Colleague: 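I'd like to ask you about the structure that follows.
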There are 2 protein chains.
Amino acid sequence: MANLNAHGDRAGDGKPSPTSSRPTVHRPATVKDVAKLAGVSPMTVSRTIAGGQNVRPEIQALVLEAVQALGYHRNDNARRMRVNKGSGLVGVAITNLANPYYASFALGVEEVAAQHGVRIIIGSTGENTERERQLVADFLGRQVEGLVLVPAGGDSEHLQVQALGGTPLVLASRALEGVDADTVLVDDTGGAHAGTSALLKAGHRRIAYLGNAASVSTGHRRYAGFCRALEDYGVPLDPALVKRGQQDVEAAQISMTALLDLEDPPTAVFCANNRNTIGALKAIGARVQERGGIATGPAIVSFDDFELAELMPVPITIIDHDARQLGRESATLLFARMAPGGAIAATREIEMPTRLIVVRS
Amino acid sequence: MANLNAHGDRAGDGKPSPTSSRPTVHRPATVKDVAKLAGVSPMTVSRTIAGGQNVRPEIQALVLEAVQALGYHRNDNARRMRVNKGSGLVGVAITNLANPYYASFALGVEEVAAQHGVRIIIGSTGENTERERQLVADFLGRQVEGLVLVPAGGDSEHLQVQALGGTPLVLASRALEGVDADTVLVDDTGGAHAGTSALLKAGHRRIAYLGNAASVSTGHRRYAGFCRALEDYGVPLDPALVKRGQQDVEAAQISMTALLDLEDPPTAVFCANNRNTIGALKAIGARVQERGGIATGPAIVSFDDFELAELMPVPITIIDHDARQLGRESATLLFARMAPGGAIAATREIEMPTRLIVVRS
DNA sequence: CCCATCTTTGGTATCGTTACCAAACCCTAC
DNA sequence: GTAGGGTTTGGTAACGATACCAAAGATGGG
């Protein structure tokens, strides 16, 4: 509407940069640029953007026109710095975004974060402590207001309250010795015990175990629950049926194939997580196809639900828990601690219950 | 080692904040805090953190000790502002992080971003144009150096070069009319045509269609491919067999159940995406269970691969393409444009090929 | 012993934004 | 006409970090 007195020169356009003469590297517009174009002071621009309190409507129009013309967006980093508001970010470090389990988890965190008007910034550690350390450092450098972490395990120097400079931390899914932080776990031991017991009750005596590394707490705890159930039923543990340390589907499939190839193969398999379940099922599927589609194989107990479990050709029991809910709980704990006064309370450890779903037995 | 002359007071501790007397709200340490504690100037701290060029080793030790003591982490936002380096962030806006397809996609973007030392910041639009608009605005405010977006469709004012202030944008998976941006698509039409043709070649004549809304380009293009294949074989389209607009598994399952309940149900179903495939299979699975486990149902063609396809009780053909690769390609295009001089080139549209996998027919 | 050179250190200004203050302006009412 | 109130506007400083410059200290050669 109002026409601009176009001194349309962006600051810095005039002087032919003496250092590097690199071409058009997209420099975002600033309040000053807008102010110059609109013929007002930066403060007036700032006020207009902030809602226009005490700015004459016709001036606002001028400013907004300039904003449009330059494609200006307020630099939120600079703004937050001045206003001394937090960054509006929480860091989420998971092992692998491609694992649907952790993707759901991240979604749960995002949900709660969005409710608090906070954005999440995600990084994958790939189960690597060093990458985790870098990731956390980077997050802290970006002034995240809190951290949600699925710890890779190993050294935990970088997670001490001291090292975090007081930034709240929540550990999810896995516990970590010697780190004083809120933790949200799943009832790994109880769930594993219940799942294994279901197999035993159904009469199985040769039960294999497929799980992740003993070094991470879930691996440890789930294995413990598995063993305790066997003990309860007086069934001896056959070491040949225990495969631990598979991190991905391929490794799990290989381990499972080896189990199927045993002279005396297991009649049931306890899969300690999502990745191992899928791998085991793929191994069974390959066998099914070789044998001309006769749908059969050992019964499966899976720690973690997965899509289409009901369509599997073998009996499946699921130790279910909601990854998304785990994410929500973690985030809730985090925001509680980020709230004024939240830093004082003693750290909490929440254990989420599991639910046994017998898909088919 | 060197002992600190502990005037260990953090700035602002002394004066009892006159405004709000809120308790310990975690204020991160700054260079000044470190400098005071170490008894040196902020510059010396800055230099030490930056690598210690021209700082006496014993002073460095002092500084690092103070850094440890305070849990100091350099404020990267402030730093980047002064150094006039980009934010080291690219924004990724997808429809839903819980969809494994988009999670993989995000992972692909993250991979490439990590190679460039750039972090990604993720948000879900939930297929909602307004949320998309807000998300993009937020990202721009955070000074992202680039945007990767799976557009929700609808109005695209906020995606014009003008509105973005020149921040590079890559559209992924779906095209958008009237937006001048690099786009990475999948060969939707060709893939859908090939998949449908496979069904027709196998003798199917009553083929249903389950897909997402016609308003998004994938929905449009895949449907077009489907229709063209039918035409090629001279098979008339039965409107009763076409269900469009299902966004999630539940909706797809309901639609599929309706199809199964028809007097003259389809002998095959074309599922235009991941969510619809899973929903369709769940519907079939429910039917299978009702009928006492007799594994049978219509043949399925699925646009999008999914885990355990080989274990399904019905014949499955997959129109495969790698979401992660799609993410990688998108990110690669984005970084090309973010590079010096990259803004000049004409926008490109890449179409990734699909691959037909006959799991069982 | 002093000047030249190099290393070490600190002061100042700045990135983009806004809180705060002060000045200019507009009204109304006496 | 002017004092008193409100509204509108711009200047200045500061958030946390560092580029740049200048000063101080160390080193060495004559």
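Every value quoted in this text rests on a predicted model; they were computed, and no experiment measured them. Per chain, numbering begins at 1; letters A, B, ... match sequence-line order. The figures that follow rest on heavy atoms only: side chains count, while hydrogens, waters and symmetry mates do not.
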Colleague: Please identify each residue that fulfils salt bridge (charged side-chain N to carboxylate O under 4.0 Å, His left out) with Glu130(B), with sequence neighbours left out.
Modeller: Arg133(B)

Colleague: Could you state the interatomic distance from CG (Leu334(A)) to CD (Glu329(A)), rounded to the nearest 0.5 Å?
Modeller: 13.0 Å

Colleague: On DNA chain C, which is the earliest and which the latest nucleotide, 5' to 3', with an atom closer than 4.0 Å to a heavy atom of chain B?
Modeller: dT8(C) to dG16(C)

Colleague: Quick check: are there more than 12 heavy atoms from other residues, nucleotides or ligands sitting under 6.0 Å from CD of Glu157(B)?
Modeller: no

Colleague: Can you pull out every side chain to side chain donor-acceptor pair (under 3.5 Å) where at least one residue sits in residues 107-125 of chain A? Sequence neighbours excluded, please.
Modeller: Glu110(A)-Ser124(B), Glu111(A)-Arg324(A), Glu111(A)-Arg328(A), Arg119(A)-Asp138(B), Ser124(A)-Glu110(B)

Colleague: Between Tyr102(A) and Ser173(A), which heavy-atom pair has the shortest distance, and what is it?
Modeller: OH-OG, 4.4 Å

Colleague: May I have the distance from Asn54(B) (atom CG) to dG25(D) (atom P), rounded to whole angstrom?
Modeller: 17 Å

Colleague: Which residues pass the side-chain contact (heavy atoms from CB on, under 4.5 Å) test with Leu64(A), sequence neighbours left out?
Modeller: Thr48(A)

Colleague: Give every residue pair that meets the side chain to side chain donor-acceptor pair (under 3.5 Å) criterion with at least one member in residues 68-77 of chain B, sequence neighbours excluded.
Modeller: Asp76(B)-Arg80(B)

Colleague: Give a yes or no on whether the backbone of Asp182(B) and the side-chain of Arg348(B) come within a donor-acceptor separation of less than 3.5 Å.
Modeller: no

Colleague: Are there any protein N/O atoms within less than 3.5 Å of an N/O atom in nucleotides 16-18 of chain D, and if so, which ones and at what distance?
Modeller:
from: dG16(D); atom 1: N2; to: Ala78(B); atom 2: O; distance (Å): 3.2
from: dA17(D); atom 1: OP1; to: Tyr72(B); atom 2: OH; distance (Å): 2.6
from: dA17(D); atom 1: OP1; to: Asn75(B); atom 2: N; distance (Å): 2.9
from: dA17(D); atom 1: OP2; to: Val31(B); atom 2: N; distance (Å): 2.5
from: dT18(D); atom 1: OP1; to: Arg74(B); atom 2: NH1; distance (Å): 2.9
from: dT18(D); atom 1: OP1; to: Arg79(B); atom 2: NH1; distance (Å): 3.3
from: dT18(D); atom 1: OP2; to: Ser46(B); atom 2: OG; distance (Å): 2.5
from: dT18(D); atom 1: O5'; to: Ser46(B); atom 2: OG; distance (Å): 3.4
from: dT18(D); atom 1: O2; to: Arg82(B); atom 2: NH1; distance (Å): 2.6

